[in-house]
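As the structure is a prediction and not an experimental result, all values here were calculated from the model.
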Amino acid sequence: MLVTEILKQKGGDVFSVAPGDALSVACAQLDARRVGALVVCSGDKVVGVISERDVVSAVARGGAEALSRPVSEHMTADVVFAGPSETVGHLMARMTDRRIRHLPILADGRLTGVISIGDVVKCQIDEATREAESLRTYIAAG
């Protein structure tokens with residue numbers, strides 16, 4: 001399955017914050033949106049990703065005061081992207097190798113969505129279920 005097919009199923013909603021927003025604003029958005037990461041955008045440009053893991057690290061290092069500091073101080077600035085024509089297998093390998101759980105998707109230089117490790121796992125489970133059902137049908141038809 002390709003990234004474009006996953007985005008068709010889940011939608012292309014992207015939740016973001018600005019690099020100058022306080023980390024507490026990002027935390028509120030993570031909670032309100034019920035997501036594990038937000039894309040950090042400066043205008044139309046992706047400049048980072050802020051994840052729950054980044055928030056925990058910030059608070060562990062800086063205490064509660066870290067929540068008043070800008071997102072830019074705590075975000076992951078080395079963003080790993082994926083393209084719309086990549087396969088689920090490629091995404092899974094990249095996420096595993098880089099130890100990341102969210103990949104912003106760029107199409108023609110434009111942010112079109114975010115795919116999480118949960119989206120990838122769901123896709124693989126659905127694919128395995130369809131394949132098993134096909135095999136059961138084939139065997140039953142004998």
Side-chain angles (χ1 to χ4, degrees), residues 1-140:
M1 181 176 277
L2 301 177
V3 166
T4 54
E5 296 168 38
I6 295 173
L7 289 178
K8 281 180 191 172
Q9 290 176 8
K10 76 170 271 188
D13 291 342
V14 176
F15 304 122
S16 64
V17 291
D21 287 346
L23 189 59
S24 62
V25 171
C27 291
Q29 283 292 322
L30 289 166
D31 181 53
R33 304 290 188 179
R34 299 181 49 84
V35 294
L38 300 167
V39 179
V40 183
C41 295
S42 180
D44 288 343
K45 184 176 188 225
V46 175
V47 295
V49 171
I50 188 80
S51 69
E52 293 168 325
R53 183 185 301 166
D54 295 324
V55 172
V56 169
S57 294
V59 172
R61 288 189 314 265
E65 186 177 311
L67 296 172
S68 64
R69 306 294 304 153
V71 166
S72 60
E73 291 184 14
H74 306 291
M75 69 185 188
T76 300
D78 183 21
V79 180
V80 178
F81 295 95
S85 62
E86 291 190 63
T87 65
V88 169
H90 285 120
L91 296 185
M92 181 66 82
R94 186 173 305 131
M95 290 172 143
T96 301
D97 291 344
R98 297 291 300 265
R99 297 186 55 150
I100 54 178
R101 297 183 184 131
H102 301 86
L103 286 173
I105 309 303
L106 288 183
D108 300 321
R110 194 173 63 81
L111 184 63
T112 59
V114 175
I115 292 187
S116 72
I117 192 72
D119 299 327
V120 172
V121 169
K122 180 185 180 310
C123 178
Q124 288 189 317
I125 289 170
D126 290 348
E127 225 169 80
T129 301
R130 280 192 301 277
E131 187 175 307
E133 187 56 38
S134 293
L135 288 172
R136 278 190 210 95
T137 302
Y138 175 76
I139 290 169

Original post:
Would a 4.5 Å heavy-atom cut-off, applied to side chains only, mark Leu106 and Leu111 as touching?
Top reply: yes
Original post:
If you measure from OG1 on Thr76 to CZ on Arg53, what distance do you get to the nearest 0.5 Å?
Top reply: 8.0 Å
**OP:** Flag the pair Arg101 / Glu52 as yes when at least one side-chain heavy-atom distance between them is below 4.5 Å, and no otherwise.
**Re:** no
Original post:
Atom CZ in Arg110, atom CG in Asp44: separation rounded to 0.5 Å?
Top reply: 9.5 Å
Subject >> Nearest heavy atoms of Leu7 and Gly113, plus distance in Å >> reply: CD2-CA, 4.1 Å
Original post:
Does atom CG of Asp108 have more than 12 heavy-atom neighbours, drawn from other residues, nucleotides or ligands, at distances under 6.0 Å?
Top reply: no
Original post:
Distance-only, no hydrogens or angles: does the Thr87 side chain make a donor-acceptor pair with backbone N or O of His90 under 3.5 Å?
Top reply: yes
Original post:
Can you tell if the side chain of Ile6 reaches within under 4.5 Å of the side chain of Val88, non-hydrogen atoms only?
Top reply: yes
Original post:
Can you name the closest pair of heavy atoms from Gly20 and Pro70 and give their distance?
Top reply: O-CB, 4.1 Å
**OP:** Using atom types as modelled and distance alone, determine if a side-chain donor or acceptor of Ser68 lies under 3.5 Å from a backbone N or O of Glu65.
**Re:** yes
**OP:** Heavy atoms only: give me the nearest Ser42-Val47 pair and the separation to one decimal.
**Re:** CB-CG1, 4.0 Å
Original post:
Does Arg94 use its side chain to pair, donor to acceptor, with the backbone of Phe81 at less than 3.5 Å?
Top reply: yes
Original post:
Where is the tightest heavy-atom contact between Leu67 and Cys27, given as atom of each residue plus distance?
Top reply: CD2-SG, 3.9 Å
**OP:** Might you point out which heavy atoms bring Val46 and Cys41 nearest each other, and give the distance in Å?
**Re:** CG2-SG, 4.3 Å
**OP:** Starting from the C-alpha separation in whole Å, work towards a yes-or-no answer on salt bridge (charged side-chain N to carboxylate O under 4.0 Å, His left out) for Arg130 and Glu133.
**Re:** CA-CA 5 Å; Arg130 280 192 301 277; Glu133 187 56 38; over 6 Å; no
**OP:** Return each pair, listed once, that meets side chain to side chain donor-acceptor pair (under 3.5 Å) where at least one residue sits in residues 3-24; pairs must be two or more places apart or across chains.
**Re:** Lys10-Asp119
Original post:
Could you give the distance from CD1 (Ile50) to NE2 (His74), rounded to the nearest 0.5 Å?
Top reply: 7.0 Å
Original post:
Any side-chain heavy atom of Val3 sitting closer than 4.5 Å to one from Glu86?
Top reply: yes
**OP:** Please lay out, stage by stage, how Val25 and Val71 fare under the test side-chain contact (heavy atoms from CB on, under 4.5 Å).
**Re:** CA-CA 9 Å; Val25 171; Val71 166; over 6 Å; no
**OP:** Decide yes or no on side-chain hydrogen bond (donor to acceptor under 3.5 Å, both in side chains) for Asp54 and Ser57, but give the supporting numbers first.
**Re:** CA-CA 5 Å; Asp54 295 324; Ser57 294; 5.8 Å; no
**OP:** Run the numbers on Arg98 and Asp78 for side-chain contact (heavy atoms from CB on, under 4.5 Å), then give the verdict.
**Re:** CA-CA 11 Å; Arg98 297 291 300 265; Asp78 183 21; 3.1 Å; yes
Original post:
Does the side chain of Ile117 reach to within under 4.5 Å of the side chain of His102, using non-hydrogen atoms?
Top reply: no
**OP:** Give the minimum heavy-atom separation between Leu103 and Ala82, together with the two atoms involved.
**Re:** CD1-CB, 4.2 Å
Subject >> 4.5 Å side-chain heavy-atom contact, Pro104 and Val49 >> reply: yes
Subject >> Residue pair Val114 / Ile105, side-chain heavy-atom distance below 4.5 Å >> reply: no
Original post:
Nearest 0.5 Å, what's the CD-CE distance between Gln124 and Met92?
Top reply: 4.0 Å
**OP:** Mind checking the CD-NZ spacing from Glu127 to Lys122? Nearest 0.5 Å is all I need.
**Re:** 11.5 Å
Original post:
Which distance, rounded to the nearest 0.5 Å, do you find between the OG of Ser116 and the CD1 of Ile100?
Top reply: 11.5 Å
Subject >> Modelled atom types, side-chain donor and acceptor of Asp126 and Thr129, under 3.5 Å >> reply: no
